[in-house]
Structure formats: C-alpha cells, structure tokens
Amino acid sequence: MTDKQPHFAVLPPEQPAREMEEALLERWREERLFEQTLAQHADKPRWVFLEGPPTANGRPGIHHVFSRTLKDLFCRHRSMTGHAVSRKAGWDTHGLPVEIEVEKALGISGKQDIEKFGIENFNARCRESVWTYRQEWEQISGRIGYWLDYENPYVTYSNDYVESVWWALATLYKKELLFQGHKILPYCPRCGTALSSHEVAQGYEDVEDPSVYLALDLADAGDGRVKRRRIVVWTTTPWTLVSNAALAVNPELNYVEVRKNGRDDWSLVLAESRAGAVLGQGWEERWELLATHTGRSLAGQRYTRPLDWAEYPEGNNQIIVAEEFVSADDGSGVVHMSPAFGADDYAAGQRHGLSFLQPVNARGEFPADMPVVGGLFVKKADPLIIEELKKRDVLWKAGTLMHPYPHCWRCRTPLLYYARTSWFIKTTAFKDRMIAANNAVNWNPPEVGAGRFGQWLENNIDWAISRDRYWGTPLPVWVNDADPTERQVVGSYADLAAFSGRALPADFDPHKPYIDAYTWPAPSGTGTMRRVPEVIDTWFDSGSMPFAQWHYPFENAEKFRAHYPGDFIAEGVDQTRGWFYSLLAIATGLGDALHPGAEANATSPYKNVVVNDLVLDAAGQKMSKSRGNTVAPAAVLERHGADAVRLFLVSASQIWKPRSFDEAVIRDTAGRFLLTLKNVYKFFAELANFGWSPSAEDPLPEQRALLDQWILSRLSATEAEAHRLLEAFDATSAARVVMEFVDEDLSKWYVRLSRDRFYDVSAPDNRAAFATLQECLVVVCRLLAPLAPFLSDWVYRELTGTSVHLAPYVRATPFAVRPELEAAMVEIRALATLGRAARESASVKVRQPLGAMICVTGRLSAEATACVNALAPLLMLELNLKKIEFATSADSLVSLEAKPNFRTLGKRWGKETPRAAAVVAALESETLRAFEHGTPVMISVDGTDHELLADEVSIQRRASGALVVQEDGTRFAALDPAISPELRREGLAREVVSRVQRMRKETGLQVSDRIRLEISGPTEVRDAISVHREWIAGEVLAESLVTKDTNQVGFNAVAVELDGIAAHIALTKDC
RNA sequence: GGGCCAUUAGCUCAGGUGGUUAGAGCGCACGCCUGAUAAGCGUGAGGUCCGAGGUUCAACUCCUCGAUGGCCCA
C-alpha cells in the first residue's frame, strides 16, 4: 500500500448531470477556457465557421439546440485537430419579425398605426425589442456548451454593419445588378410590403377558396345555330374579375362547342379534355357537339367582360389570346387574364398590349366609390362578386376548392399577387455562376445541394429586395425628385457626407426616419435628391455577414481576407432558400469586388455545409406552437443534462433525417451510455486510489497482456475512425463508433475480463492493466469532447489534471492497430457466445467448472491463429473451463462441410450457379480434407469435370460425437458437459465462496475485514471444503474455517442452499 | 402537379459496389454475477425487409409502377 491520498475523484452516483455540468461551466468561465483554446491555436491554419445569426426576438427551441450542437461539435473537433477556428456570434436584428413583435407589444397593427405612433419612436422600440430574448439565447447556447465569441458579436443594425451592406448594394448598382422594376410580386396587404420568393416559401397553408366557372358571351355569332355563344372561364379569385382584360387559351389544345340536346338558346365553348369535369359524367348523352376549335383559332375573338365597374385605360381588352402556360389540368382550359394580379397575366399583358387595370389600393381594398364592393378587402369581396355574377347571368357554376395558398410568414394574412414597383437584385444575370459555385460546395447530405438547392437555383428569379417598411437597412438610393432617372447610390457614410455636403453627426443613425432628412441639390442642377422610402429585405443583411461582420471594406481588410470564403456553415434544412441562398447570391453578385478571381472561377462563400432536418415530437409529428407539442430546451437540459441531449440529437439518427424527440429515448440511449462511461471510470478510479498512478514502472504497451494490446489496438482504430468521420462531417457515425467502443469493447469485454487484475496495484500485470485502462479513458474523453464536452472534460481533468478541450483530438503516436489480434478476438468472443449457449443448453451454470471445450474458428491467418491460442486462457476464464482445444481437420470428431461461395461461383457459372452450388455442397468430408491439403477436386456440372477453385468454397467444420455443440456458420464450440466428482467439488467450493461473499456484504463488512467461518453440511459439502480449504479461506479472508456435520448447526448460523444442497454458514468478524 | 427523403423486430435504428441463417440497442422472457452494486453480464423469443410487377443463376439491395409518412416547391 501507499501513503498517497486518493487522487481520482468520483462523481456521486446520485448527482444529476446538471450539477456537474453547471459547476464545470462556471469553471470554464473562470479559466476563460474558450479564450485559452483560441489562443492555443491562434497561429494554426484557419478554419472559418460562419454563424448564421438567429433572430433575437424569438425564443430558442429544441431544433436550435440541435443545429447549435452541430455547429459546436465540428468547431470543437477542428480546433482540437489544430486549427484556428474563429467563431463570431451574430444577431439578426432587422426586419418584419421585429416590427410585428413591436406592433403586438404596442397593441397596434398596420402601417397607418405605425405612422401615427411615429417612425422615430417605433424604430426605437424595434431596436430595444431585438434584445428581448438575447439573454435566453445566450443562456441556452451557453448551457449546451456552444462556444461562440459572444463578447464581440456582429449586430446587423449597427452603423458599421449597415455601412458594409450599403457598400454591397452600391457595388451591385455599379455592376448594373440593382434595378427598379415593375413586376408581379407576392404582397402582404397587412404588412404593406412585397415579399421575396424565399419568404413566400415559408407560408403556404391549405385554404378553401371559391372555384368559379363563368360563361361569358362571345361577340362572334357563329353560324347562327344558337342565339348566344358563351365561353367557359375558370377562376379561384373572383375579385380579380373586376380587372379582367382578356381570356387566354392554349393554342395547342382542342376546344369543343356544345349545346344542351335540342336547345338553341346558347352554346358553351371549353377545352375538350375538361368537358367531363365541367359538364359532369356522361355529358355526351346530354350535350350535342356543335363544333371543335383549336385554341389557335379562338385567339383574336372578342367577348364581353363579366363586370364593368372599372374603366379600361388604353390597350387591348375583351379579347381571347393564345398562351402556352394555359393548362388543361384543371378549370375549363380557358383562364381569365388580369395583368395587375398575376405573373403570367402580367407577362401576357405585355405581349398583347392589354389594358392594365389596378383597382385595388395598398391595403388590398377596392376604391370606396366602386359599386357593390367599394371599400372592401378583396378576399372579402368574393361572395358579393359571385352574387353579382349570378345576377348578371354569367355564372355557370360556383363551388369551393381546397388548395395550398401562400400567406405572409409572419402575420398569416393571405398574400396577393400584385403588380408593384420594387427594387431587385438581378440574380438571373449570374444564375450560372451561382450554379457553378454551388457545384463546388460540399453538401452534407449531397442531395440537398444537388437536388433541393440546385433545383431552386435553376428556377431562379430576380430577388426583390425592397420592403415598404420601417425597421431595416435603408435602401441607399437617392432619386432626383424632378427627374426620376437621375439616381445616386450611396456606398459609404463618407459618400453620404460628401453628397449631402455636411459632416455626419457623432450620433449618426442610418435608420429611418433620420436618414430621410439627408437631401441635396441634384448634381444635374435642377431638383433635389431624396432617398427612396424603402428598406431592404433582412435576408440581405444576414447574407452579407461574411464581409459585413468585419465592416469590410472600410476596415479589417486583412481579417476579412483571412476569413473568406468560410469553411463551414450548418443550419436547418429550412434555411436552404433562406440564408444559404442569400449568402451565395450576394457573394456571387459582388464577385471580384469581394473575392479576386471569383467571377472567372465561381466560388461560394462557404465550402462545406451541414444540413440538419427537423426535430419532431415523440410521435413523429412536426413541432409547432399551434399543436402545442413544442419542447422547452431549458427543462430538457435540466432533466437530462446537456451531454445527453447533445449525444442523443447527434446519434439518434443521421442528422439529415428528421428525428423524433423522445425524452425516454434520451435516457435509454445517450443517458445509459454516459452512465456506462461513468461506471468504467469509477471502477478505475476507486481501485487506482489504492495506490496506482502512472509511472515509469508501468510496463510498456508491448510488454502488457495480450488483452491490453487488444484494447489498445481497438482504441487506436476507434480514434482513427472517429477522426475520419468527423473530417467527413458525419457526426452521427462518429458518435456511434465511440459509443460502441466504450460499451462493447471497453466495458463489456476489457473491464469485465480484467477485473481481478485491478484488485492489486503493484505487480507489473496490475500496473499494466491500470495504465491500459487509463489510456483508454483518456483517449475516449478526447474523442468524446466535441460531442459531450462536459463529462469528457470532468473525467479527463481527473485523469490528467488538464482540460480535454486543450488536448489534441488524436495522439501523435498511437499504439499500432493490430488487425490479426483483433480478428483473433472476434473469434474468441464468438466462441464465448457459443460456449455460453452450449452451457445454457446443457443447463450448467457458469460457476460450475467444466472439463473441456473443443472449438474450431473461422479461417484465420497464421498470425491470427497464434493470437487465438494465446487468448485461449481468457476463454477458459470466461467460460470456467479447465481446457480449451482447437480442433484441426485431422481430429476425428470434426467433419468438414463445403459451403458454396455464391459470389465467386456466380461469376464462373452464371445460370448454372445453383447446380454448381449443389455439387459443391455435396462434397464429402474426406474430399474436402484432401482439398485443404492441396489435392485438386473436380466437380461435375452438366456432364463435364471442372476443377474446383479455392475461393469457390468455404469449408466449415462440424462436430460429431456426444458433445454439446453450438455453431454459427464459420465456427463451432463443442462442450463436454460431464461433471466429474472433482469438478463437482470445485463447483461447490465456488458456491461457498460466492455465498460467503454475499453474506460479508450483507453484514456490512469492509473489503479487508477478516472473518471466522463455521459451515455445517452433508459430506459432499464438507469434502469440497476440505479439498479447497486454502483457496476458500483466501478468497473470503477467513482466519479460521471449521466444518461441521449437518445437525451441528452453530449459533447465529444462516441456512443456505449450495447448488441444491442445504447447509448452514455462520460468519463472525475476526477482531 | 413536380423534386427530395423515408418505410427493415413491439420501439429507435444499422445493413459499400446484388451472393443464400437480415443485425444492434431498448423493451420482453429466462438466467448469470454479487469487490463497477442506485451497477454489471448472458441466453432466448420476436422480421412475407411497405405493396405489385420486372431485370438476374441470385434482390433488403437495381429498375418500373403504386401506397403511406415527412420536407420543399408550383
């Protein structure tokens, strides 16, 4: 023994993980550990992580914990592998979400209310509101151990950030990529602004809309067979009929003209393929075909519009036009054109010079003086319009239709497609470069990049970036109020000062309304330059973060260049069209201005992307506030600890698959694993505290037991594999590899088989065991550090005295992997399984020693076979056997069987494979024995003889004889179940020891306490004890051991049953 | 309507380039161990691999069509 104090602390088993983690967080703060890791690698190669800024005015959810875990773990891994990993926090602070929060808080709604409240006050509120949840975000992020530089975050509303964004916009303007256009855009009438396509993508909802068929009169009377000719028109937006300018048909489609049987009052024209759907099943019975027309022939015909409340301005109207986009999938094959309210309609209007009617104001209401629907919100006007159509006898039929319709992603108002003036980035001009850049990005998983995102880029449309709102980066475009074609785009605050002719004040604020006070005489001489009223899409802000976070190009040019392009981003799949896109679009648009050579050789602002899928609830349902199945991260972290939650999220399934979030599963998987690790460490620590610590006396690995070398080999293999997987961004597999090593190899096999080697601390073999287990734990902690940063650090500190987060991920000189040894152990473990099964089927418990087992392994190299022989004692111990024999083919109890190898046979025999296989399978044991020794064997398939090739067959050994046999295809174990009197005595002796040990424990004795024993029992028991007296006494630390006859039961003796035999044991402490 | 992903044991998931006993963990049943003990370990029972066709000597694996669920888009 030693006079050293115990030096490996142990976690109290009842302590919740939370307590250990929180104490550790406090310690990290005190040590400034994160800063230490940054300093440690400051001069190493850079690995740039770009943090997608969360909006700080929504609460963090469990899915945020998921993506933040991923961000953190890859950053930690790259840091541990010797990279300078910069991690700047950021906050997305502008935009509609913020405005809506403030509107809610103020109890107001809509732009009129905001203007009444005052833009100055409103924006001041927005600026504050942004920080509402900041504390919660930092708290959750900190709690899960997400290391980010929160002390120097980028904030998108800061003056520096806005100036960089202005620079980007001015640069795009110079490249003629920023323009004002008039296009049909999805528009939120409540928020009063247009939305970009990626915002629309967030808000599809299933709604019930009217489905209305009209029958409009055609001007051409035709051949006079009917009095009225009418054309059937379909729409789901009756309110747009007020601004109807034309009808469109598909030039390639066939249209039929029909009348009710025998009636000459009117006819209907509609697409042939839609007749059944519109007129009803069996329409041919009830309707008479008058004529067929092609779409092309209908073009140019005139009709009468359904509603005449709005005056047509100049242009063509009430005419049928031919357009390819008209589909015959639904409706009547005739669609109504309202150029102000649909993208296709608008384009058709341009092509055909149609009248442009826009009788709806910015709030989505008809003018107050309009008949019937005056002043109404358009969607509310639908029923009145349908009523009016009926009155005017132009309604054919009206119903409803469930379909997905876009809604404002923030306020849920149905969007209207409006022709509006807006500012655009001409992304279509550099679409090809975006696609090329994207092709070079390493997407994980690949199909999101190639499929989802690639497809999106293919269908790219210009990015509408202006917003008619208040809290955002102001669009830095000044226009001459006397001549709108005269424009200046301000790319810096210096420009602004120069143009306006006045120095900017110290408290300069580039936001509305202050910025709009900056006006100046137009350079051309007449008029005043005034800023356009819009602010920009907040996605443009976040997409600018690679340079704007450094206030590039105004300062930090070096820093920016060192951090561009980014190596790594990770976000949820919902960001595909959000941040992933805005980053790419802005960087590609800026091209060489951002990154020299970017235009010639398209580069993405990020090289590697990890996309994670959704977190679903325990039942696999999407989490949403309306379903009420969201999970509050703080409570979950409280219950399970951050390590378990992180490990669960990463390892439960591949991160790019949706995962169900089930707390019971956290406990059963990640929680159980961490418990196993804790237990292994505890086993080590408690026993090492008897006096082992690492020293030069520990045998070198090569001199340690083969079992030690085996686990060290497995450790090295696991280390290399985990590292490789993390390099490849496969966190799930990495986590599983490490977890499996700890559970299967270290805990279930190494520790279990080595237990008694730890019961002393001084002999070389004991020292070897301690040194080996210590090494395993140390390395496991490192491998686990990115995944479960708390427990790994706690244990590592106990083992080494330093933080795991300052350690390298992989060792410089790991123990060499020994595949032959590992292969041998696979055999040993398989044989152990077979041996246990054999015991079970022979109904002999492990405590009862047995004589011998004869086994055969799978085919092994000579070196591996030698290892198997060397490892055989482990098998004897594990199975409590006196002898293990490895049978060879020559043994009489072994017969050989041929198992055809279909893979190789198939190549040679093709169709004849089954027959060849049958011939091979039928080969006799003797033949195979000869074959193994090199004698050629001929097999006869379809009459001819062919020589059997070695790799066409695998030869298996089977036992014959009276042994208990278990086999698994390539190996077998044959157990001799006979229990000789000698074995029986030994079994009983072990029974006694086991029983006494339990009693010692029940009596509360210390491990080292000495005892006196009195055992009464029949002759059989007394015999067994007398033969094994020494051994028993040694095992249970008995100073005296007296045996007595069955009827001489001592005072305070306990009745026991020893393998079915009644006996009494009296145990007293020896004082 | 289109794209992508999934569907394997009661549950959660593994199953390169097709090869003949489809695996693991949890749960369940039975048992072991009792000096890792608020632990540890073993054995076993559970599967027409979503369905239908096809290609092939051979399909969980490849192809086609469909079903169901999820995400995304029109």
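Chain letters run A, B, ... following the sequence lines, proteins first and then strands; every chain starts at 1.
- Look at Arg836(A) and you'll find a side-chain N or O under 4.0 angstrom from OP1 or OP2 of U43(B).
- Using atom C1' as the reference point in both G53(B) and A59(B), the two lie 13 Å apart (nearest Å).
- Across G35(B) and A22(B), the matching C1' atoms stand 41 Å from one another, rounded to whole Å.
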Show your working on side chain to side chain contact (heavy atoms under 4.5 Å, CB included) between Phe770(A) and Leu687(A) and close with a plain yes or no. CA-CA 9 Å; Phe770(A) 276 108; Leu687(A) 294 165; 3.9 Å; yes

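- For Leu1037(A), counting side-chain heavy atoms from C-beta on, the closest listed nucleotide (U20(B), G35(B), U17(B)) is G35(B).
- Looking at which nucleotide of RNA chain B each of Phe902(A) and Arg998(A) is closest to, the 5′-most match is held by Phe902(A).
- Straight-line distance from the CG atom of Asp730(A) to the C1' atom of A14(B): 12 Å, rounded to whole Å.
- Residues Glu878(A) and Ile828(A) fail the side-chain proximity criterion, which asks for heavy atoms closer than 4.5 Å.
- Less than 6.0 angstrom separates the ring centroid of Phe661(A) from the ring centroid of Phe648(A).
- A distance-only check finds a donor-acceptor pair linking the side chain of Thr913(A) to the backbone of Gly910(A) [under 3.5 Å].
- The shortest distance between the side-chain N/O atoms of Tyr759(A) and the OP1/OP2 oxygens of A36(B) is below 4.0 Å.
- Atom pair Arg839(A):CZ and U43(B):P shows a separation of 13 Å (rounding to whole Å applied).
- Distances were taken from every side-chain heavy atom of Lys899(A) (C-beta onward) to each of G19(B), U43(B), U21(B); the shortest belongs to U21(B).
- Between Leu753(A) atom CG and A36(B) atom C1' there is a gap of 14 Å when expressed in whole angstrom units.
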Identify all side-chain donor-acceptor contacts of residues 736-743 of chain A below 3.5 Å with residues at least two apart in sequence or on another chain.
unit_1    : atom_1 : unit_2    : atom_2 : d
Arg736(A) : NE     : Ser651(A) : O      : 3.1
Arg736(A) : NH2    : Ser651(A) : O      : 3.1
Arg736(A) : NH2    : Ala652(A) : O      : 3.2

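- Taking the syn range as angles within 90° of 0, the glycosidic angle of G53(B) is outside it, so the base is anti.
- When the P atom of C72(B) is taken as reference, atom CG of Leu457(A) falls 18 Å away, rounded to whole Å.
- When the ring pair (Phe, Tyr, Trp, His ring centres under 6.0 Å) test is applied to Phe683(A), the partners found at least two apart in sequence or on another chain are Phe758(A).
- Going from the P atom of G2(B) to that of G46(B) covers 43 Å, rounded to whole Å.
- C72(B) sits 41 Å from U56(B) when the P atoms are compared, rounded to a whole Å.
- Consecutive Watson-Crick or G-U pairs involving RNA chain B, each under 3.5 Å on both distances, make up stems of three or more pairs at B:1-7 with B:67-73, B:10-13 with B:23-26, B:28-32 with B:40-44, B:50-54 with B:62-66.
- Comparing G3(B) with U17(B), their P atoms are spaced 24 Å from each other, to the whole Å.
- Electrostatic pairing of Arg757(A) and Asp765(A) counts as a salt bridge here, judged by a charged N lying under 4.0 Å from a carboxylate O.
- The ring pair (Phe, Tyr, Trp, His ring centres under 6.0 Å) check on Phe341(A) picks up Trp239(A), Tyr418(A), with sequence neighbours excluded.
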Before you tell me yes or no, could you show the steps for Met825(A) and Trp749(A) under side chain to side chain contact (heavy atoms under 4.5 Å, CB included), namely the whole-Å CA-CA distance, both residues' side-chain angles and the distance that decides it to 0.1 Å? CA-CA 10 Å; Met825(A) 192 64 92; Trp749(A) 198 246; 3.3 Å; yes

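- Ser994(A) comes within contact range of the sugar-phosphate backbone alone, with a heavy-atom separation under 4.0 Å but no base atom that close.
- Applying the side chain to side chain donor-acceptor pair (under 3.5 Å) rule to Asp756(A) yields no partners; only residues at least two apart in sequence or on another chain are considered.
- Using modelled atom types, one side-chain atom of Arg839(A) and one backbone atom of Leu879(A) make a donor-acceptor pair closer than 3.5 Å.
- For the P atoms, the distance from C5(B) to U21(B) is 32 Å, rounded to whole Å.
- Proximity of Lys678(A) to the phosphate of A39(B): no side-chain N or O atom is located under 4.0 Å from OP1 or OP2.
- Look at the P atom in both C13(B) and A6(B): the space between them is 13 Å, to the nearest Å.
- The side chain to side chain donor-acceptor pair (under 3.5 Å) search around Thr428(A) returns Asp462(A), not counting sequence neighbours.
- Within residues 907-915 of chain A, the residues that have a heavy atom under 4.0 Å from RNA chain B are, in order of number, Gly910(A), Lys911(A), Thr913(A), Pro914(A).
- The separation between Tyr750(A) atom OH and C41(B) atom C1' is 18 Å, rounded to whole Å.
- Computed from coordinates, the Leu879(A) CG to U43(B) C1' distance equals 13 Å when rounded to whole Å.
- Annotation: side chain to side chain donor-acceptor pair (under 3.5 Å) contacts of Glu1035(A) (sequence neighbours excluded): none.
- Taking atom NZ of Lys682(A) as the reference point, atom C1' of A39(B) lies 7 Å away to the nearest angstrom.
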Polar atoms only, N or O, under 3.5 Å: list the protein pairs with nucleotides 22-32 of chain B and their distances.
unit_1 : atom_1 : unit_2    : atom_2 : d
C26(B) : O2'    : Asp668(A) : OD2    : 3.4

Contact state string [nucleotides 3-13 of chain B, B base, S sugar-phosphate only, - no protein heavy atom under 4.0 Å]: BSS-------S

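- A distance of about 14 Å separates the C1' atoms of U7(B) and G47(B), rounded to the whole Å.
- Here Trp909(A) pairs with His946(A) under the ring pair (Phe, Tyr, Trp, His ring centres under 6.0 Å) rule; sequence neighbours left out.
- At least one side-chain heavy atom of Val650(A) sits less than 4.5 Å from a side-chain heavy atom of Leu787(A).
- Between Thr904(A) and G19(B) there is no side-chain N or O to OP1 or OP2 distance below 4.0 Å.
- Taking His640(A) as the reference, Glu663(A) meet the side chain to side chain donor-acceptor pair (under 3.5 Å) condition, with sequence neighbours excluded.
- Atom CD in Glu952(A) sits about 16 Å away from atom C1' in U20(B), given to the nearest Å.
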